[in-house]
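Report on one structure; see the data block that follows.
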Amino acid sequence: VQLVESGGGLVQPGGSLRLSCAASGNNLKSYSIGWFRQAPGKEREAVSCISSSDGGTYYAESVSGRFTISRDNAKNTVYLQMDNLKPEDTAVYFCVADFVWVCRPLHVTPGYVEYWGQGTPVTVSS
């Protein structure tokens with residue numbers, strides 16, 4: 001599985017960005033796909049995930065109500081719509097995919113997830 005992120009950039013507080021993750025490989029529908037992020041000086045953390053088992057969506061408490069994950073299976077693309085961005089959302093965002101992980105629990109260690117994209121930076125600053 002190969003994952004390519006796009007859509008990061010600089011945005012003012014309160015603004016919005018939409019990240020995209022283009023996936024390629026076999027049997028992609030069997031993979032849960034999610035997003036991790038790593039802020040400067042901090043560990044990587046799970047942000048959101050969409051499950052292969054039931055299509056359920058899961059969010060970290062810090063982004064719940066502001067971020068929305070969606071999946072377009074026809075385009076093999078997963079999106080992360082980020083609204084009302086805050087400076088603390090500044091991080092490199094990574095798209096991830098895994099066959100075993102079904103997004104529960106959301107907060108797994110990064111080593112648990114098998115496939116990673118290269119990351120796209122998001123900076124929220126005025």
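Here the structure is a predicted model, which means the values were calculated and not measured.
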Are [X] and [Y] packed together at the side-chain level, in the sense that at least one heavy-atom pair is separated by less than 4.5 angstrom?
X   : Y    : result
R71 : S51  : no
D98 : Y31  : no
T90 : V122 : no
S62 : K86  : no

Item to check | Ring centers of F36, F94 separated by less than 6.0 Å | outcome: no

Checklist entry - Can any side-chain N or O of R44 pair as donor or acceptor with the backbone N or O of P110 at less than 3.5 Å? => result no

Item to check | Sidechain-backbone polar pair: S32 side chain, W101 backbone, donor-acceptor under 3.5 Å | outcome: yes

Next on the checklist: Side-chain heavy atoms nearer than 4.5 Å, only ILVMFWY residues, links allowed to pass through others: does that put L3 and F99 together?
Outcome noted: yes

List the atom pairs, donor and acceptor, that lie under 3.5 Å between side-chain atoms in residues 75-82 and the rest of the protein, sequence neighbours left out.
from: T77; atom 1: OG1; to: K75; atom 2: O; distance (Å): 2.9
from: Q81; atom 1: NE2; to: D83; atom 2: OD1; distance (Å): 2.9

For [X] and [Y], work out which heavy atoms get closest and say how close.
X    : Y    : value
L17  : L85  : N-CD1, 3.9 Å
A46  : H107 : O-CE1, 3.6 Å
V102 : S52  : CG1-OG, 4.4 Å

Checklist entry - Mind checking whether Y93 and F67 have parallel, tilted or perpendicular rings, split at 30° and 60°? => result tilted

Checklist outcome for this item: CD1 (I50) and SG (C103) are apart, to the nearest 0.5 Å, by 8.0 Å

Next on the checklist: Using 0.5 Å steps for rounding, measure from the OG atom of S48 to the CG atom of L19.
Outcome noted: 11.0 Å

Item to check | Qualifying side-chain hydrogen bond (donor to acceptor under 3.5 Å, both in side chains) pairs with a residue from residues 110-126, counting only residues at least two apart or across chains | outcome: E5-Q118

